[in-house]
Amino acid sequence: MTAGTRALLEFDDSYARELPSLCVPWTAAPVPSPELLVLNAELATELGAEPEALTGPEGLALLVGQVPDGVSPVAQAYAGHQFGMYVPRLGDGRALLLGEVPDRHGRRRDVHLKGSGRTPFARGGDGKATVGPMLREYLMGEAMHALGIPTTRALAVVATGEEIARETLLPGAVLARVADSHLRVGTFQYAAATGNPALVRTLADHAIARHHPEAAEAPNPYLEFYRRVIDVQAALVARWMLVGFVHGVMNTDNTTISGETIDYGPCAFMDAYDPATVFSSIDHGRRYAYGNQPLIAQWNLTRLGETLLPLIDENTDAAVEAAIDAVEGFTGRYESDWTAGMAAKLGLDAPDPPLTTDLLALLHAQRVDFTQFFRGLSAGSARDLFLDREAFDAWARRREALLPADRAAVAAGMNRVNPVYIPRNHRVEEALTAAVGGDLAPFRRLLDVLTHPFDERPGLDGYAEPGPAGRYVTYCGT
Ligand code: AMP
Ligand code: MG
């Protein structure tokens, strides 16, 4: 579709066409007075749109779901284990898939809205979203993208002019986001629960064509597909762990088939190193603590495997054996990515697991900031972060003995993988509070800082430091 001569977005609808029983055609709620808060011009361009076209009236209408003829949004169905409990019917309660857009690299990308009104999956919810959490998703996704971590990305946040009832009245917003797809482990769970194996097969074929086309050539395409999803998820969670990211709500409906990070709700970055770190106000059992994330991802992938058993082998015992073997492969893939990533963070040519283990014990015991430590290590200031400096010195001598000779190259290499700037919790809160009050300047400043996480820039020291100690709590009621 075009607005005059300026390009908006060209939509396809392969999901709705191929999987009609896994979605419901639906229309976005009207928006009284849309006001663009932030547009991701770079991403818009990548999608073949002209940013200026998206900021005009037609573009703005599209970004809140008032679509032109020929575009048919759907609410997607999915199930999921939430905190370990199976919920048979979740789905897009307040979200819509507008369609798929081919990007400039020929990749098919979903354009999806959050906060676009109630759908048949809304259960008790109002179908709405508010400015703070939607800007939060924008910020966290861009920070992750800049760190090189696969993620959905926000295209825009549009304020709706409505007041939404939460604990107080809050300004409403619609988020437009882009993903390689919104296929989730929960999508497979929903399909499997219908009891129709042909539906799971159609879904798997759709997912293979979209994300893992090479699997179609394997002797057992569905087993190979499963292995590849395990692989991308193991790689993803290793990347999270290497930057101290805590997702916060790793339910199976928030676990993608593409291997992208999705659904930035109660997520946050850890300050002082502690595997038990949890931010979410509702995660009483610490199920989704920092240190549990690899195990939880593997648990979620086991739930995916269960849905694929009939496709893997007609003989159930053989299918189970093959699936277990595949999901056990998670550990090796995760460990090798983690140890290689840690070696790079420490400036070593080869992983040294005991050196890493001892370091983490030291960081934990002395409550050293995870991000500051690695950057301080290349800058020569890490020692100052420890109370017991001799303990650090003893560890540092062991590392020294392993370092390659060219120390300048070592430091430069470390600075390419160890960020200076991560979304510090107090900075995120400060920016969002100001934005909800109508002042977007702190948000824009923080977004700019987080978009260049590895480049130390003068005057930004305050963005590199942890906030005041004390437990930071995030809320799911987004
Ligand atoms: P999330 O925590 O964003 O992953 O959402 C979990 C489930 O709750 C999904 O099925 C959402 O669509 C649904 N949901 C969350 N908030 C709302 C809301 N305000 N109205 C309707 N459904 C919602
Ligand atoms: Mg979700």
Side-chain angles (χ1 to χ4, degrees), residues 22-24 26-29 31 64-65 73-98 110 112-138 140-141 151-152 154 157 160 162-179 181-190 193 233 246-258 260-268 279-283 287-288 296-297 300 303-304 474-478:
L22 296 181
C23 59
V24 181
W26 204 253
T27 306
V31 170
V64 295
V74 295
Q76 292 178 297
Y78 49 85
H81 278 87
Q82 299 195 308
F83 291 91
M85 297 292 289
Y86 182 64
V87 186
R89 190 181 149 98
L90 289 165
D92 288 336
R94 54 160 173 177
L96 289 175
L97 175 65
L98 289 187
D110 276 7
H112 181 261
L113 303 181
K114 201 164 177 174
S116 48
R118 299 188 81 239
T119 77
F121 302 105
R123 297 172 290 161
D126 62 2
K128 303 292 183 179
T130 61
V131 166
M134 295 307 102
L135 287 178
R136 193 166 199 283
E137 175 152 346
Y138 193 117
M140 298 307 275
T151 178
T152 66
V157 176
T160 62
E162 291 175 310
E163 293 204 309
I164 309 300
R166 293 289 183 260
E167 268 160 29
T168 57
L169 287 180
L170 293 170
V174 175
L175 168 80
R177 79 174 174 200
V178 174
S181 88
H182 285 79
L183 299 174
R184 311 147 188 264
V185 169
T187 318
F188 281 81
Q189 292 181 289
Y190 186 95
Q233 277 289 334
V246 184
H247 183 282
V249 58
M250 287 177 72
N251 295 332
T252 56
D253 52 300
N254 291 337
T255 302
T256 56
I257 299 305
S258 65
E260 295 170 291
T261 313
I262 196 171
D263 275 358
Y264 293 92
C267 66
F279 298 104
S280 170
S281 63
I282 60 169
D283 194 356
R287 179 180 174 88
Y288 298 142
I296 291 290
N300 290 347
R303 304 288 80 74
L304 174 64
T474 56
Y475 297 90
C476 223
T478 54

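Order of appearance sets the numbers: ligands from 1, and atoms from 1 within every ligand.
With a 4.0 Å heavy-atom cut-off, ligand 1 is reached by the side chain of R123 but not by its N, CA, C or O. If you look at R89 next to ligand 1, there are no close heavy atoms at all, none under 4.0 Å. With a heavy-atom cut-off of 4.0 Å, F121 does not touch ligand 1 at all. Residue contacts with ligand 1, taken as heavy atom pairs separated by less than 4.0 Å, involve D126 via backbone and side-chain atoms alike.
Listed by chain and number, the protein atoms of type N/O/S under 2.8 Å from the Mg ion (ligand 2) are N254 OD1, D263 OD2; waters are omitted.
Close contacts between ligand 1 and L90 involve ligand atoms 10 (O) [criterion: under 4.0 Å to a heavy atom]. Near R166, meaning under 4.0 Å from one of its heavy atoms, ligand 1 places the atoms 19 (N). Interface of Y78 with ligand 1, defined as ligand atoms under 4.0 Å from a residue heavy atom, comprises 9 (C), 10 (O).
Among G127, G93, A79, the residue whose heavy atom lies nearest to atom 18 (C) of ligand 1 is G127.
Annotation: D263 places an N or O atom under 3.5 Å from an N or O atom of ligand 1; distance criterion only. For N254, a nitrogen or oxygen atom sits less than 3.5 Å from a nitrogen or oxygen atom of ligand 1, counting backbone and side chain alike. Between K114 and ligand 1, not a single N/O pair is under 3.5 Å apart.
With sequence neighbours left out, the ring pair (Phe, Tyr, Trp, His ring centres under 6.0 Å) criterion links F279 to Y472.
Aromatic ring pairs are classed by plane angle as parallel below 30°, tilted from 30° to 60° and perpendicular above 60°; the pair F83 and Y288 is tilted.
Using a 4.0 Å cut-off between charged nitrogen and carboxylate oxygen, R303 and D253 do not count as a salt-bridge pair.
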